[in-house]
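Written out below as structure tokens is the structure these notes cover.
Numbering of ligands and ligand atoms starts at 1, following listing order. Side-chain atoms are counted along with the backbone in the values below, which use heavy atoms only and exclude waters and symmetry mates.
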Amino acid sequence: MNAITPNTPSLPAPVGLLAELTHRCPLRCPYCSNPLELDRRSGELDTATWQRVLTEAAGLGVLHVHLSGGEPTARNDIVEITRTCAELGLYSNLITSGVGGALAKLDALYDAGLDHVQLSVQGVDAANAEKIGGLKNAQPQKFAFAERVTQLGLPLTLNSVIHRGNIHEVEGFIDLAVKLGAKRLEVAHTQYYGWAYVNRAALMPDKAQVDQSIRIVEAARERLKGQLVIDLVVPDYYAKYPKACAGGWGRKLMNVTPAGKVLPCHAAETIKQLEFWYVSDHSLADIWANSPAFTAYRGTDWMQEPCRSCDRREKDWGGCRCQALALAGDAAATDPACSLSPLHSKVRELAKEEAAETPPDYVYRTIGSNVDRAAPPPLKEDAPL
Ligand code: SF4
Ligand code: FES
């Protein structure tokens, strides 16, 4: 039975709001989970609309706001938006690349009541990091930014997205987090959505590298207990069971795009048959309860076998809908990352093959460019790779 239905008192409030303030970003990371069609500046919501959205979020019961993008500090009103979060009692987390104008705005963000900073680092070796991020001289800017964050006494999380281009640096990321005074490090193996899906063959590590990275993290967790918390996101393609993506569809998170479209997860727009509502037409509360996109895969009624009768169905909620669409061609299918999916062995085989090949060049994330490499097609149970 579906425990959650719209317009019922049993519908819990979302915990977090991911506010994608802009898709503009000085970095061009090939693992970005943003959509291939990025919103342009001319279509971005204005300050007053974001403030109204944040007010509605607080009213709905949201606790955390992730100020994200793109690079959120590219917005001229980032300080005003952060101040609004503080006035509303919303915990604000700035998800930033730390480059461009980020450092210049940091003290004002602190004064406006910013609660937490999450800084991305693409690599440990500067040349490698700057190749991945597609921006020269980014590394010293990031380090200067991190230094100021800790001087201000703001809690710092480092986020490292791991793939075959930097998986040899996992130990180095841990040392770097300690050196920069971070309280938390995310060792997040790439999730293949958006630009990362197009770049999958360039990013896919092999199983031995993945296992080694997990061992390094586990040893460091012991060694650095009380000093550094390390979150590990394992790569779906090598997992036994999938993650509860976004905490379960329509259960915990709302994602507002720069243009004001509200999504149940950051990659939901890839599911073309879904109808998304905009903050310009509906309140957040209405969207949370009634938007067709949010109700489509909420709960368990929509599930097919093997999820439908699986005793894990209210733990992982069938995995990731966007990955099910990309890999199985059906957003309501069991996520092929799950070992119980009929496509799972194909996924493993595919990862093995891609990791063994010479990596193709990156397709860098760019606004308004035509992607010159097609996204990989879905898998078929009875067809060769
Ligand atoms: Fe989760 Fe579905 Fe796999 Fe069961 S079959 S573990 S519910 S994805
Ligand atoms: Fe959309 Fe996982 S990214 S459900």
*Is the number of heavy atoms from other residues, nucleotides or ligands within 6.0 Å of CD (E37) greater than 12?*
no
*If you count the non-hydrogen atoms of other residues, nucleotides and ligands that lie under 6.0 Å from CZ in F145, is the total more than 12?*
yes
*asked:* Using the ring pair (Phe, Tyr, Trp, His ring centres under 6.0 Å) definition, which of the options W317, Y297, W249 pairs with W302?
replied: Y297
*Could you name the protein residues that come within less than 4.0 Å of ligand 2, counting only heavy atoms, and order them by chain and residue number?*
Y193, C245, W249, C265, A267, C320, R321, C322
*What residues, two or more places apart in sequence or in another chain, satisfy ring pair (Phe, Tyr, Trp, His ring centres under 6.0 Å) together with Y237?*
Y192
*Look up atom OG1 in T73 and atom CD1 in I95, then write down how far apart they are to the nearest 0.5 Å.*
12.5 Å
*Is the closest basic N to carboxylate O distance between E171 and R223 below 4.0 Å?*
yes
_Ion pair check, R83 and E87, cut-off under 4.0 Å_ = no
*Which ILVMFWY residues can you reach from V15 by hopping between side chains whose heavy atoms are under 4.5 Å apart?*
L63
*Under 2.8 Å from atom 1 (Fe) of ligand 1, which protein N/O/S atoms are there?*
D316 OD1, D316 OD2
*Is a side-chain donor or acceptor of Q191 paired with a backbone partner of H189 at a separation under 3.5 angstrom?*
yes
